[in-house]
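Before any comments, here is the structure.
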Number of protein chains: 2
Amino acid sequence: MSKENKRVSEAVIRRMPKYYRYLKEMKASGIKRISSRELSKKMGLTASQIRQDFNCFGGFGQQGYGYNVEELCDEIQKILGLHKEYNMIVIGAGNLGQALANYSGFEQEGFNIKALFDINPRLVGISIRGIPILDIDHIEGFLSQCEVHIAAICTPKKTAQEMVDRLIECGVKAIWNFAPIDVNAPDDVVVENVHLSDTLYTISLRMNEDYN
Amino acid sequence: MSKENKRVSEAVIRRMPKYYRYLKEMKASGIKRISSRELSKKMGLTASQIRQDFNCFGGFGQQGYGYNVEELCDEIQKILGLHKEYNMIVIGAGNLGQALANYSGFEQEGFNIKALFDINPRLVGISIRGIPILDIDHIEGFLSQCEVHIAAICTPKKTAQEMVDRLIECGVKAIWNFAPIDVNAPDDVVVENVHLSDTLYTISLRMNEDYN
DNA sequence: TAGATTGTTAATCGATTAACAATC
DNA sequence: TAGATTGTTAATCGATTAACAATC
């Protein structure tokens, strides 16, 4: 699908969700068309970069007119794979795991959380927005019954890699990791290590004016 | 402090917390020295890049020997500003806000959460690990009494920018934003927009093999 | 001393920006 | 048609990698 089959760079991939956010907002507020120049001002990028980015995936604009907001938004939705449905599970039903389960935005984009898993017997059995918290020992059984595309890891650091290994063993093909460690997986598994504390530490670094 | 006063690039800044994670781990497990080559294998970077990165901040190694793990770890801790103490507040005491308050790792690095703020009267008055949840209307009063360095925004999208404006008005100099919108602030305020859903959307993009 | 590994300069690579012909 | 704006090529800029002298 990508134009000329040329691999899309990491930098471009990271900008796509941002385009999607802005375009969805504009679409919702009834804006019909946008030029790369206008969009560049809104987003703090250059118009050149925006046109280059979009043209990694195809020509979505029209000379002399710009881009149709709704059309472009839909195209980027497809690029991000948000036109599909995904089954998701959350490993670790602490505050962060529960926060993911409670956030309705993921569902709206096709990410359906089917269950949370935890080791804590006080959590096992209860439900969050109708999503059950199950015993972590039942994970293999669950995965044999339900095709899970993405697993979010919200466990403490020490159990994260072990859980990832078990999940991959059962065929899970994508890991969204929130544990403060880089988890590893075979090449055919997509891994996204989020590392919230890393982003906090860049704040304290930047608060030191010497590096700005 | 940065060598030759040359501004440190975004890419280097983003890698510093990762170095810190690995070095802290090695220090804890009793490893005394490491060469850039060994570290490069552990971290999946090149040895060249590691030496270039460290030399943005100073010469921490020794020819023929490599780097002293403890010394290097401490230097990077200082670069990240983790040798200092920060007062933090969390705006929005939902699951995500509570998750931040419950995570002890931030405190260990000098980030002390002093209070959470929420609009929900059912939450106001209770405590998380001894940290009180206060009424959002008392934020200005609180900030006049307590110097707050960093505010984490865990509110819904629609109130995020408004809260940021109020906080900055009261002198808060850094914003750690989890609401799914890019919040804006004057140049002297450090802003880190986290956007958890963006990272999820890059997963679904990557699951489409055309872009890999 | 000989071997190892840094710090740093030079070369390469890739990403961003600029320019402009194509075209709506 | 004239004006506007894209898609795309070329130029620039910056980041990564390679190489090697310095030195422990």
TODO: Begin from the C-alpha positions of B:Asp53 and B:Gln49 and carry the test side chain to side chain donor-acceptor pair (under 3.5 Å) through to its verdict.
DONE: CA-CA 6 Å; B:Asp53 283 355; B:Gln49 181 166 65; 5.1 Å; no

TODO: Just say parallel, tilted or perpendicular for the rings of B:Tyr201 and A:Tyr20, cut-offs at 30° and 60°.
DONE: perpendicular

TODO: Flag the pair A:Arg14 and B:Asp198 as a salt bridge only when some basic side-chain nitrogen lies within less than 4.0 angstrom of an acidic carboxylate oxygen.
DONE: no

Open item on the list: Ignoring hydrogens and geometry beyond distance, is a side-chain donor-acceptor pair present between B:Asn87 and B:Asn112 at under 3.5 Å?
Closed with: no

- [ ] Give the intermediate values and the outcome of side chain to side chain contact (heavy atoms under 4.5 Å, CB included) for residues B:Glu25 and B:Ile31.
- [x] CA-CA 9 Å; B:Glu25 189 70 41; B:Ile31 298 170; over 6 Å; no

- [ ] Keeping to residues at least two apart or across chains, list the ring pair (Phe, Tyr, Trp, His ring centres under 6.0 Å) pairs with something in residues 151-182 of chain B.
- [x] B:Phe106-B:Trp176, B:Trp176-B:Phe178

Open item on the list: Tell me which residues in residues 16-37 of chain A lie within less than 4.0 Å of DNA chain D, going by non-hydrogen atoms.
Closed with: A:Arg33, A:Ser35, A:Ser36

- [ ] State whether B:Glu38 and B:Lys42 are salt-bridged, where the test is any N-O pair (Lys NZ or Arg NE/NH1/NH2 against Asp/Glu carboxylate O) under 4.0 Å.
- [x] no

TODO: Report the residues that fulfil ring-ring contact (aromatic ring centres under 6.0 Å, His included) with B:Phe54, sequence neighbours left out, ordered by chain and then residue number.
DONE: B:Tyr19, B:Tyr67

Task: Rounded distance in Å - CD1 (A:Ile50) to P (D:dG7) - done: 12 Å

TODO: Summarise protein proximity over nucleotides 11-20 of chain C in one line of letters, 5' to 3': B for base, S for sugar-phosphate only, - for none, counting protein heavy atoms closer than 4.0 Å.
DONE: ----SSBBB-

Open item on the list: Can you list every stem that DNA chain C is part of, counting only runs of 3 or more consecutive Watson-Crick or G-U wobble pairs with both distances under 3.5 Å?
Closed with: C:3-24 with D:3-24

TODO: Give me the residues of residues 64-75 of chain A where at least one heavy atom lies under 4.0 Å from an atom of DNA chain D, by number, or none.
DONE: A:Gly64, A:Tyr65, A:Gly66, A:Tyr67

Task: For atom CD of B:Gln63 and atom P of C:dT6, their distance in whole Å - done: 9 Å

- [ ] Dump the intermediate steps for side chain to side chain donor-acceptor pair (under 3.5 Å) on B:His195 and B:Asp182, then the final yes or no.
- [x] CA-CA 8 Å; B:His195 299 321; B:Asp182 293 331; 2.6 Å; yes

Task: A:Glu109/A:Lys24 salt bridge by N-O under 4.0 Å criterion - done: yes

TODO: Indicate the ring-plane relationship of A:Tyr86 and A:His149, choosing parallel, tilted or perpendicular according to the 30° and 60° boundaries.
DONE: perpendicular

Open item on the list: One thing to verify: whether B:Glu107 and B:Arg129 come together as a salt bridge, which I'm taking to mean a side-chain N less than 4.0 angstrom from a carboxylate O.
Closed with: yes

Task: Salt bridge A:Lys32-A:Glu71, side-chain N to carboxylate O under 4.0 Å - done: no

